[in-house]
Amino acid sequence: MTEGTTSAAAEGADALTRLEQEGEIAADYLEGLLDIADLDGDIDMDVEADRASVSIISDTGGRDLQKLVGRDGEVLEALQELTRLAVHRETGDRSRLMLDIAGYRANKRTELSELGAKAAAEAKSSGEPVKLKPMTPFERKVVHDAVKAAGLRSESEGEEPQRFVVVLPA
C-alpha cells in the first residue's frame, strides 16, 4: 500500500467514524424526545451517501409516530433541523443528517423518483420543459436524481419556499 492510499483510507475511516458519532448523538437526542412525548419507537442508524441517516420506526404500525411526521412532513422537517442543531451543539460541525420517521421519507423518495421519471418522459416526448410544483430541498434532490437517471437535465428555479424543478428536454 502506498502512503497516499493509506492516507485516503484513514480519511475515509475518520469520516465514517464522524458520521457514526453524529448518528449516536442524534439517536440520544431523539430517544429523549420520544420519552418526553411518551411515544414508542425504535431508533435505527446508518450512513448513506456520505451522511448520517437516522430512522424512528415502530413495531406497532407507527400510528403514534405520524404525529411526528405532520402534514406533508412539516413536523419531520422541523425535527430534522432540531436534531441537526443538537449534533452541531455537541460536535461543533454542521450536520447533513437525514431523519426519517415511520418510513415517510422512504415512501416519499419512491413517489418522487416516479414523478421525476414521468416528467423526464414527458419532456422527452414533448420537447418542452416540464415545470413541477414547489418542493422542499430533499424533494427536489430526489427528482433531480431521477431526471439524471433518465438521461435528462433539470434545474431548480424560484425562491424558497416556492422553489421548483424544471425538467429540460434533451
Side-chain angles (χ1 to χ4, degrees), residues 1-62 64-70 72-117 134-150 153-156 160-161 163 165:
M1 226 192 246
T2 66
E3 185 176 317
T5 306
T6 305
S7 175
E11 285 178 21
D14 288 347
L16 181 61
T17 301
R18 184 180 48 78
L19 292 174
E20 288 171 345
Q21 179 190 19
E22 281 186 24
E24 291 287 337
I25 294 166
D28 290 345
Y29 176 79
L30 292 166
E31 283 283 349
L33 181 93
L34 289 173
D35 287 345
I36 290 168
D38 196 30
L39 295 172
D40 289 326
D42 295 321
I43 308 289
D44 184 34
M45 295 176 295
D46 200 2
V47 174
E48 299 173 359
D50 296 333
R51 67 170 50 182
S53 174
V54 178
S55 300
I56 301 175
I57 54 178
S58 174
D59 295 335
T60 60
D64 285 345
L65 292 181
Q66 291 304 317
K67 297 172 188 173
L68 298 179
V69 173
D72 297 327
E74 291 173 340
V75 176
L76 170 58
E77 289 289 336
L79 288 173
Q80 177 174 277
E81 286 308 310
L82 289 172
T83 305
R84 286 176 174 176
L85 285 171
V87 170
H88 176 75
R89 185 185 67 226
E90 292 289 322
T91 65
D93 295 326
R94 182 177 173 271
S95 174
R96 295 178 51 235
L97 176 126
M98 192 61 102
L99 175 63
D100 191 6
I101 299 174
Y104 177 82
R105 275 202 206 276
N107 294 336
K108 192 75 170 169
R109 183 176 279 122
T110 300
E111 291 173 21
L112 291 166
S113 293
E114 291 171 4
L115 175 66
M135 298 178 187
T136 66
F138 162 76
E139 293 169 334
R140 289 193 310 270
K141 170 78 168 101
V142 174
V143 171
H144 285 306
D145 290 348
V147 169
K148 184 177 180 180
R153 273 187 338 108
S154 57
E155 299 174 344
S156 291
E160 295 292 351
R163 200 152 167 80
V165 174

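- Taken to the nearest 0.5 Å, the CD atom of Glu114 stands 9.5 Å off from the CG atom of Leu112.
- The salt bridge (Lys or Arg N to Asp or Glu O under 4.0 Å) pairs that include a residue from residues 93-110 are Glu77-Arg105, Lys108-Glu139, where partners are two or more places apart or lie in different chains.
- With sequence neighbours left out, the side chain to side chain donor-acceptor pair (under 3.5 Å) criterion links Lys148 to no other residue.
- Distance check: Tyr29 OH to Ile43 CD1 gives 12.0 Å after rounding to the nearest 0.5 Å.
- The shortest heavy-atom contact between Gly23 and Ala52 is N-CB, 4.1 Å.
- When all heavy atoms of Ala146 and Ser113 are compared, the closest pair comes out as CB-O, 3.5 Å.
- Nearest heavy-atom pair across Pro161 and Pro134 is O-CB, 3.8 Å.
- For the atom pair Ile57 CD1 and Leu65 CG, the distance stands at 9.5 Å (nearest 0.5 Å).
- A distance-only check finds no donor-acceptor pair linking the side chain of Arg163 to the backbone of Pro137 [under 3.5 Å].
- Checked by atom type and distance alone, the side chain of Arg140 never pairs as donor or acceptor with a backbone atom of Val165 at under 3.5 Å.
- Atom-to-atom distance recorded for Ser55:OG and Leu99:CG is 7.5 Å, nearest 0.5 angstrom.
- In this structure the side chain of Val75 never reaches within 4.5 angstrom of the side chain of Lys67, judged on heavy atoms.
- Expressed to the nearest 0.5 Å, how far OG of Ser95 lies from CZ of Arg89 amounts to 12.5 Å.
- Residue Ile56 holds its CD1 atom at 6.0 Å from CG of Leu68, rounded to the nearest 0.5 Å.
- Atom CG of Asp14 has more than 12 neighbouring heavy atoms from other residues, nucleotides or ligands inside a 6.0 Å radius.
- For the pair Ile25 and Thr91, the minimum side-chain heavy-atom distance is below 4.5 Å.
- Side-chain atoms of Val87 and Glu90, non-hydrogen and from C-beta on, never get closer than 4.5 Å to each other.
- Residue pairs meeting the salt bridge (Lys or Arg N to Asp or Glu O under 4.0 Å) criterion with at least one partner in residues 23-47, sequence neighbours excluded, do not occur; the list is empty.
- Counting heavy atoms from C-beta outward, Leu33 and Leu39 have side chains that stay 4.5 Å or more apart.
- Smallest separation of non-hydrogen atoms from Val54 and Ala26: CG2-CB, 3.9 Å.
- Side chains of Ser154 and His144: a donor on one and an acceptor on the other come within 3.5 Å.
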